[in-house]
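Note that these values count all heavy atoms, side chains included, but never hydrogens, waters or copies made by symmetry.
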Amino acid sequence: MNQEITQLGLSARHFGVLLSPTPRGARLACRLTTAHLLAWDLAPRTIETAEQITAELASNAATHGRLSGRDFLLELRRTDTEGGDVLRIEVTDTRGDRLPRLSPQLPPPDAESGRGLLLVEVLADRWGSGRGRCRCRARRCGRNWISCGHPHPCG
């Protein structure tokens with residue numbers, strides 16, 4: 001089955017794409033992140049960290065933020081600052097009613113899930129979540145983001 005990928009027309013320092021909220025869409029988010037960060041000539045350690053963070057945020061969008069027929073949005077931004085470049089990764093899903101805790105709790109030792117946002121907290125310089133408008137503007141969405149500064153990469 002062929003699925004159309006909707007890429008937003010953005011600048012060389014801003015990439016955005018709508019992806020299906022499925023495991024396949026989450027994997028594609030990771031691959032696209034890697035490709036764009038390589039093209040932006042970021043440090044290998046930064047790219048590896050961004051892959052891990054994107055994997056978690058995209059997986060959460062596919063697992064917890066999924067509504068049938070609605071895609072999630074992956075956005076990458078590279079911004080110049082006085083201290084160096086800042087990388088921002090945003091994943092917006094269609095479930096604004098299910099935002100993650102900003103202070104994730106350690107799950108029981110025998111739990112098979114629940115550690116992803118702890119990983120994000122360790123890897124990112126800053127991270128957060130909030131509600132925003134979906135691209136269709138018809139409903140509220142959940143937006144999760146991370147920020148990493150360079151030349152001091154997150155991770």
Can you find a heavy atom in the side chain of Ile89 that is under 4.5 Å from one in the side chain of Leu74? yes
Distance check, rounded to the nearest 0.5 Å: Asp41 atom CG versus Thr46 atom OG1? 11.0 Å
Which heavy atom of Ala58 sits nearest a heavy atom of Ala29, and at what distance? CB-CB, 3.8 Å
Euclidean distance, Arg88 CZ relative to Arg126 CZ, rounded to 0.5 Å: 7.0 Å
Working to the nearest 0.5 angstrom, can you tell me the gap between Glu48 CD and Leu123 CG? 9.5 Å
Closest heavy-atom pair, Leu19 versus Asp71, reported as atoms and distance to 0.1 Å, is O-CB, 3.1 Å
For the CG atom of Leu87 and the CH2 atom of Trp40, what is their distance to the nearest 0.5 Å? 7.0 Å
Would you compute the distance between atom CG of Leu42 and atom OG1 of Thr34 and round it to the nearest 0.5 angstrom? 11.0 Å
Between Val86 and Ser147, the two heavy atoms sitting closest are CG1-OG, 3.3 Å
Partner of Phe15 by side chain to side chain contact (heavy atoms under 4.5 Å, CB included), out of Leu32, Leu37, Thr33: Leu32
Heavy-atom side-chain proximity of His36 to Arg78 below 4.5 angstrom: no
Quick check: closest heavy atoms across Pro21 and Ala61, and the distance to 0.1 Å? CB-O, 4.3 Å
Gly25 to Phe72 - nearest heavy-atom pair and separation: O-CZ, 3.8 Å
